[in-house]
Amino acid sequence: MKPTLLFDLDGTLINTNELIIASFTYTLDRFCPGQFTRQDIVGFIGEPLEDSFKKVSPESADEMVQVYRKHNIQHHDDLVTEFPNVYETIRTLSEKGYPIGIVTTKRRKTVDMGLKLTGLDAFFDVIVTMDDVNHAKPDSEPIDLALKQLGSSQACVYMIGDSPHDIQAGKHAGVNTIGVSWSVKGRDVISDQSPDYLIDDMYEILEIVRPHANEENEAL
């Protein structure tokens with residue numbers, strides 16, 4: 001049985017970093033002008049929006065989330081791109097029959113926007129978003145749900161992501177973890193989480209899964 005691969009979306013498959021930073025900057029400048037730097041904002045990336053804004057202002061968090069989402073959707077297509085070699089790698093995995101899914105802290109609407117924009121929407125067998133779970137990453141619930149929907153066991157599963165929450169969630173779920181070095185948080189932040197693998201190019205995924213694929217006489 002081929003390994004199952006679960007991918008984070010933002011910062012892993014698609015480059016939404018500048019969109020996220022711009023949306024945070026717009027929102028925070030409206031509610032807390034001059035109080036947050038770009039580096040402060042980078043620290044928020046990877047966790048649910050509600051959690052980020054509750055840290056800033058519990059009483060205004062819900063309104064801040066709405067302002068953020070409106071800005072994010074309005075500017076989405078202008079600022080989102082795909083990371084190098086992502087499309088080719090995901091297409092190859094799909095064509096070879098690997099079960100692949102997305103596990104993200106985004107809402108389904110913006111997930112669909114990003115996948116459609118980058119042409120990745122044709123490939124994934126399952127997508128688990130914030131709309132589907134009670135507890136987001138780093139809790140294991142999103143990964144557990146994805147595996148249940150795929151009918152996959154934990155025997156050979158990889159969680160791939162750019163955030164400490166991705167690596168922590170994978171460990172909590174008892175699966176293998178792969179960190180990506182292009183994280184906006186920096187390679188060292190991901191390395192410090194001790195993922196099973198740390199990659200510099202998405203193509204490296206193909207080499208990682210090859211020994212476990214049980215494919216006779218077939219090159220991945």
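All values reported here derive from a predicted model rather than from experimental measurement.
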Rounded to the nearest 0.5 Å, what separates atom NE2 in H76 from atom CG in L19? 6.5 Å

State yes or no: do L79 and V111 share one hydrophobic cluster built from I, L, V, M, F, W and Y residues joined by side-chain heavy-atom distances below 4.5 Å, directly or via other members? yes

Mind checking the CG-CD1 spacing from L150 to I100? Nearest 0.5 Å is all I need. 9.5 Å

Using distance only, find each side-chain donor-acceptor pair of residues 62-75 under 3.5 Å and give its atom names and separation, not counting sequence neighbours.
residue : atom : partner : partner atom : Å
R69     : NH2  : E50     : OE2          : 3.2
H71     : ND1  : S23     : OG           : 3.0
N72     : ND2  : S23     : OG           : 3.4

Measure across I208 and P211 and return the closest heavy-atom pair with its distance rounded to 0.1 Å. O-CD, 3.3 Å

Sequence neighbours excluded, the answer for ring-ring contact (aromatic ring centres under 6.0 Å, His included) partners of F36 is none

Among all residues two or more places apart in sequence or in another chain, which pass the side chain to side chain donor-acceptor pair (under 3.5 Å) test with D144? S140

With a 4.5 Å limit on heavy-atom distance, are the side chains of I102 and L6 in contact? no

Sort out for me which residue in L13, I205, N85 forms a side chain to side chain contact (heavy atoms under 4.5 Å, CB included) with I90. L13

Any chance you could pull the hydrophobic cluster mates of V189, using side-chain heavy atoms under 4.5 angstrom and chaining through other members? none

Is the closest side-chain donor-acceptor distance between T37 and Q39 under 3.5 Å? no

May I have all residue pairs that pass salt bridge (charged side-chain N to carboxylate O under 4.0 Å, His left out) and include part of residues 6-15, sequence neighbours excluded? D8-K137, D10-K106

Side chain to side chain donor-acceptor pair (under 3.5 Å) with H165: which residues, sequence neighbours excluded? none

From OG1 (T81) to CG (N15), nearest 0.5 Å: 4.0 Å

V103 versus L9: any side-chain heavy-atom pair under 4.5 Å? no

Is the shortest side-chain heavy-atom distance between L93 and L5 below 4.5 Å? yes

For residues 181-188, run the donor-acceptor check on the side chains, cut-off 3.5 Å, and write out each pair with its distance to 0.1 Å, sequence neighbours left out.
residue : atom : partner : partner atom : Å
S181    : OG   : I199    : O            : 3.1
S181    : OG   : D200    : OD1          : 2.8
W182    : NE1  : G11     : O            : 3.4
W182    : NE1  : T12     : O            : 3.3
S183    : OG   : D162    : O            : 2.7
S183    : OG   : K185    : N            : 3.0
K185    : NZ   : V42     : O            : 2.9
K185    : NZ   : G43     : O            : 3.3
K185    : NZ   : I45     : O            : 2.9
R187    : NH1  : D200    : OD1          : 2.3

Summary of salt bridge (charged side-chain N to carboxylate O under 4.0 Å, His left out) pairs that have at least one residue in residues 32-48, sequence neighbours excluded: E18-R38, E47-K55

Output side-chain donor-acceptor pairs under 3.5 Å for residues 28-35, partner residues at least two apart or in another chain, one line each.
none

Could you tell me which residues satisfy side chain to side chain donor-acceptor pair (under 3.5 Å) with S152, sequence neighbours excluded, listed by chain and number? T4

Looking at A136 and T105, what are the two nearest heavy atoms and their distance? CB-CG2, 4.1 Å

Looking only at heavy atoms, what is the nearest atom pair of Q149 and V128, with distance? OE1-CG2, 4.2 Å

Do L147 and Q154 have side chains that get closer than 4.5 Å, going by heavy atoms? yes

I127 and T129: side-chain contact (heavy atoms from CB on, under 4.5 Å), yes or no, with the steps? CA-CA 6 Å; I127 298 172; T129 74; 3.8 Å; yes

Chi angles and distances behind the side-chain contact (heavy atoms from CB on, under 4.5 Å) call for F83, I14: CA-CA 6 Å; F83 285 110; I14 60 176; 5.6 Å; no

Please determine whether residues I178 and Y203 belong to a single hydrophobic cluster, defined as Ile, Leu, Val, Met, Phe, Trp and Tyr linked transitively by side-chain heavy-atom distances below 4.5 Å. yes

Using modelled atom types only, decide if a donor and an acceptor are shared between the side chain of K171 and the backbone of Q193 within a distance under 3.5 Å. yes

How many angstroms lie between CG in D196 and CG in N176, if you round to the nearest 0.5 Å? 5.0 Å

Minimum side-chain heavy-atom gap S163-Q168 below 4.5 Å: no

What are the two closest non-hydrogen atoms of E204 and L198, and how far apart are they? OE1-O, 4.4 Å

To the nearest 0.5 Å, what is the distance between CD1 (I160) and OG1 (T177)? 9.5 Å

Less than 4.5 Å apart, side chain to side chain, heavy atoms only: is that true for M159 and D166? yes

Per the ring pair (Phe, Tyr, Trp, His ring centres under 6.0 Å) rule, what does the pair list look like for residues 102-149, sequence neighbours excluded? Y87-F123

Tell me whether M113 is reachable from I21 by hopping between hydrophobic residues (I, L, V, M, F, W, Y) whose side-chain heavy atoms are closer than 4.5 Å. no

From I20 atom CD1 to T25 atom OG1, the distance as rounded to the nearest 0.5 Å: 11.5 Å

So which atom in D125 and which in P99 form the shortest heavy-atom distance, rounded to 0.1 Å? OD2-CA, 3.4 Å

4.5 Å side-chain heavy-atom contact, H172 and D139: no

Are Y98 and I143 joined in one hydrophobic group, where the rule is that I, L, V, M, F, W and Y side chains link up if heavy atoms are under 4.5 Å apart? no

Would a 4.5 Å heavy-atom cut-off, applied to side chains only, mark I190 and P164 as touching? yes

Do other residues, nucleotides or ligands put more than 12 heavy atoms under 6.0 Å from the NZ atom of K54? no

When you check the gap from the basic side-chain N to the acidic O, do D131 and R107 get nearer than 4.0 Å? yes

Going by side chain to side chain donor-acceptor pair (under 3.5 Å), name the residues that satisfy it together with D112, two or more places apart in sequence or in a different chain. R108

Cluster overlap F7 with V86, hydrophobic side-chain contacts below 4.5 Å: yes

Thinking salt bridges, do R210 and E207 make one under a 4.0 Å N-O criterion? yes

